[in-house]
J.: 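Got a structure for you, questions after.
Everything numeric here is computed off the predicted structure, so don't read it as measured data. Along the sequence shown, the residues carry numbers beginning at 1.
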Amino acid sequence: VGGGSTELTLFKEGKTIFSRSFNIGTIRMLNNQVEKSYWSEFKNWIATNTAPHQPMIAIGSGGNINKIQRLAKRAYKPITYTKLQEIYDEIMSMSVKDRIEIMGLKPDRADVIAPAAKIFLTVMKQSSINYIVVPEIGLS
């Protein structure tokens, strides 16, 4: 989940089954640049393409999900859909200023974390995924 797009890849037995990029990102969402029809296409595409591959787990990468994992206090453990929803609700109940002061978010993360959490929740819901694993590897 990035500022301009979200990348989804399904792996099965070490091989890529499908991969697609969607122009749904945190900055686009903050700027109201994601049309409802495109959001619906995103949800439908996920549900249709993941249904044959159940059960599944999610693997999240990037700064937003790493920060969400820290907020969940789930280091090295999966984050459940329910826990992610709780964190999203808490984030949404606060102003950006409060997210910085109370949650300890950096200013460049405090605004984008809410749409990022919404994207992760949507992917999990549409693909019937109960938890997301956040490996502590990569750029972070």
J.: Testing the basics here: between Thr26 and Ile119, what is the closest heavy-atom pair and its distance to 0.1 Å?
T.: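 Heavy-atom minimum between the residues: N-CD1, 4.4 Å.
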J.: With no hydrogens and no angle check, is any side-chain donor or acceptor of Thr6 less than 3.5 Å from a backbone partner on Ile24?
T.: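 Yes, Thr6 side chain to Ile24 backbone: donor-acceptor pair under 3.5 Å.
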J.: State, to 0.1 Å, how close Ile129 and Ala58 come at their nearest heavy-atom pair, and which atoms those are.
T.: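 Looks like CG2-N, 3.7 Å.
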J.: Any chance you could measure Ile132, atom CD1, to Leu121, atom CG, to the nearest 0.5 Å?
T.: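 Between atom CD1 of Ile132 and atom CG of Leu121 there are 9.0 Å.
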J.: Which distance, rounded to the nearest 0.5 Å, do you find between the CD1 of Ile100 and the OG of Ser95?
T.: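 So the CD1 of Ile100 and the OG of Ser95 are separated by 8.0 Å.
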J.: Consider only side-chain heavy atoms of I, L, V, M, F, W and Y, link residues closer than 4.5 Å, and tell whether Leu10 and Phe22 are in one cluster.
T.: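 Leu10 clusters together with Phe22.
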J.: Is any NZ, NE, NH1 or NH2 atom of the basic residue among Lys73 and Glu86 found under 4.0 Å from an Asp or Glu carboxylate oxygen of the other?
T.: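 No, this pair does not count.
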J.: For residues Asp108 and Val112, report the shortest heavy-atom separation together with the two atoms involved.
T.: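 For Asp108 and Val112, the tightest heavy-atom pair comes out as O-CG2, 3.7 Å.
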J.: If every non-hydrogen atom of Glu90 is compared with every non-hydrogen atom of Met103, which pair is closest and at what distance?
T.: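 That closest heavy-atom pairing would be CD-CE, 4.1 Å.
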J.: Quick check, are the ring centers of Trp45 and Tyr38 under 6.0 angstrom apart?
T.: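 No; Tyr38 has its ring centre 6.0 Å or more from that of Trp45.
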J.: Is the CD atom of Glu7 crowded by more than 12 outside heavy atoms at less than 6.0 Å?
T.: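 It does: Glu7 CD has more than 12 such atoms within range.
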J.: Looking at Asn130, I'd like to know if its CG atom is crowded, meaning that more than 12 non-hydrogen atoms belonging to other residues, nucleotides or ligands lie closer than 6.0 Å.
T.: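 Result for CG/Asn130: open.
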J.: Which pair of non-hydrogen atoms, one from Ile113 and one from Leu71, has the smallest distance, and what is that distance?
T.: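 Smallest interatomic distance, heavy atoms only, reads CD1-CD1, 4.1 Å.
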J.: To the nearest 0.5 Å, how far apart are CH2 in Trp39 and NZ in Lys43?
T.: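 Separation between the atoms: 7.0 Å.
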J.: Keeping the roles fixed (side chain from Gln33, backbone from Met29), state whether a donor-acceptor pair exists under 3.5 Å.
T.: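 Side chain of Gln33 to backbone of Met29: no pair is present.
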J.: List the steps and the verdict of side-chain contact (heavy atoms from CB on, under 4.5 Å) for Leu105 and Arg99.
T.: CA-CA 6 Å; Leu105 298 177; Arg99 294 174 197 169; 3.8 Å; yes
J.: Minimum heavy-atom separation for Phe42 to Thr122, with atom names?
T.: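 Reported closest heavy-atom pair: CE2-CG2, 4.0 Å.
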J.: Would you check if the side chain of Arg28 reaches a backbone N or O of Val34 as a donor-acceptor pair within less than 3.5 Å?
T.: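 Absent.
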J.: If we count only N and O atoms by modelled type, under 3.5 Å, do the side chains of Ser19 and Thr9 hold a donor and an acceptor together?
T.: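 Their side chains do contain a donor-acceptor pair, which is all the 3.5 Å distance test asks for.
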